[in-house]
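Here is the structure we will look at, set down as structure tokens.
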Amino acid sequence: MRRIFPPAFTLLVCSVFVATACSGTQAVSDVSQGAAEAAATITPDDFRLLIGALAHDSMRGRDTPSPELEKTAVHIADEFETFGLSAGAADGFLQMYPLTVLSPGAAEQQSVVFRGPAGEITLTADEDFVAVSQSGVLEAAGSLTVVESKNDLSEARDGIAVIQIDRTTFGRAFGGGLGDAMRANGVKGVMIAVDGTDTFQQVAGFVGGSSLTLGEPEPGAGPILIVDRASLPEDLGSALASGDTGEWSASVRTEAQAAVDHAMNTIGVLEGSDPVLKDEYVVFSAHMDHVGVGEAVDGDSIYNGADDDASGTSAVVELAQAFARLDERPRRTLVFMTVSGEEKGLFGSQWYTDHPTFPLENTVANLNIDMIGRNWQDTIVAIGKAESSLGPLVEQVAASHPDLSMTVIDDRWPEENFYFRSDPYNFARKGVAILFFFNGVHEDYHRPSDEPDKIGYDKIARITRLIFYLGLEIANADERPVWDPDAYERVVGSGD
């Protein structure tokens, strides 16, 4: 349900945002000697050691889930404890969460039989169709009804819906929520008929293999199939093209095996010093996973992920150590979090924001760090900069520290939807003001060549010191950051 604010509330928020963000008089605190000394502990040499270890070949790309990812999480937990941080999860520094691994059954366990004027037609699994893996055995029988998209499934109630797509209309069938739409509309099964055998093979390869989902295994909504239109008999193809399938029905059976696994986030906490504000939280986050071992490129099959995101993970570790060295702790509580499963679908951050250790309504900011080790030497993108008073604040912090030689700019690539493709979105959709520090992709993105020797270590240290000073300002400010009301309505008001 969208959240609609009364005019008086909107006016108040807008007035505060404009006064804070646009007046140009916002004060940035003088840096104490202790804070400067703490920031100075964030060094290029530290990053060489940290990134070198996280992105070493022995870590095998830190896939989710994997023993190497678990080793990474445990190592970071040990570091947090050594720094003097408190555990931030229910049972220690590690927040465990469940994963379901779905593996398709053998071809002989999947079947599709059409019945129409010409009699029965049986398709061949893996050649003519593939089943989307869902837990257990799923069966459906009923009449065929052609619908435009998953939003029109009510037209196929008590039967089997057929959605026709080509290379450009994949979102008609998927795009999220297909299973929920099936349940809500009483549809027994869905067939997605793909125009073009090449496109069918691409789509089948994308959805027909093993898959990883967040949470415990759940019963499937009903069989979902990807069908090559070229494999259908001519009269059925004509019926689909005309939308007149009244004489056609189908029986479908799919099977897949579900196994339960787990992954974890690492969470450390530095309690605030203010008796009241210590119950508000500033979260520093990065994802510690990468994509593991894959297709070899020039003989190298380990996708090390030095920039993506050993760079951000190392920054969170360095920030935790620097803040822990302060003689005078910040007023608000600081939470240092390295999440997993980002590469699989933002799993770790979704689990945390759906099962938070600390109340999200009292979480005033999330500063997320992902891929900050490459590209420009003296510029950092802060996605979300235009959405809250954090934007003007980070600009003022950068201006107050000319020694860092760092210019902060807004999202250069809005068409790429990086905002929605990384962990801070899970915080933003819950109403937490965010900044996402990011220097863009490069020719080594998601390739084995994303290696430690290509990182700009001086640059990454300066960016992390900037985030340190920004975090200190947020943690010590009298007021929490304020959203721009239009951005709030767009990001939070339309979400859950």
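Since the structure is predicted, the reported quantities are computational estimates derived from the model, not experimental observations. Counting from 1, the numbers follow the sequence of the chain as shown.
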Pair Asn426, Thr353: side-chain N/O donor-acceptor within cut-off below 3.5 Å
no

Near-ring test Phe284/Phe323, centroid separation under 6.0 angstrom:
yes

When you check the gap from the basic side-chain N to the acidic O, do Glu443 and Arg374 get nearer than 4.0 Å?
yes

Phe420: ring-ring contact (aromatic ring centres under 6.0 Å, His included) partners, not counting sequence neighbours
Tyr425

Atom CZ of residue position Arg412 - does it have more than 12 heavy atoms of other residues, nucleotides or ligands inside 6.0 Å?
no

May I ask you to decide whether Lys459 forms a salt bridge with Asp378, counting only side-chain N to carboxylate O separations under 4.0 Å?
no

Which residue pairs pass the side-chain hydrogen bond (donor to acceptor under 3.5 Å, both in side chains) test with at least one member in residues 356-366, sequence neighbours excluded?
Ser285-Asn366

May I ask you to test the Asp195-Ile165 pair for a side-chain heavy-atom distance under 4.5 Å?
no

Once ring-ring contact (aromatic ring centres under 6.0 Å, His included) is applied, do any residues pair with Phe438, and if so which ones, sequence neighbours excluded?
Trp413, Phe418, Phe436

Selection residues 311-321 - residue pairs positive for side-chain hydrogen bond (donor to acceptor under 3.5 Å, both in side chains), sequence neighbours left out
Asp307-Ser311, Asp309-Ser311

Test ring-ring contact (aromatic ring centres under 6.0 Å, His included) applied to His290 - qualifying residues, sequence neighbours left out
His446

Please give me the minimum heavy-atom distance between Arg429 and Asp354, naming the atom from each residue.
NH2-OD1, 3.3 Å

With side chain to side chain contact (heavy atoms under 4.5 Å, CB included) as the test, pick out the partner of Ile372 among Val381, Ile455, Ile463.
Ile463

Can you list everything that forms a ring-ring contact (aromatic ring centres under 6.0 Å, His included) with Tyr469? Sequence neighbours excluded, please.
His401

If every non-hydrogen atom of Phe80 is compared with every non-hydrogen atom of Ala320, which pair is closest and at what distance?
CE2-CB, 3.7 Å

Do Asp411 and Lys385 sit within salt-bridge range, that is, some charged N less than 4.0 Å from a carboxylate O?
no

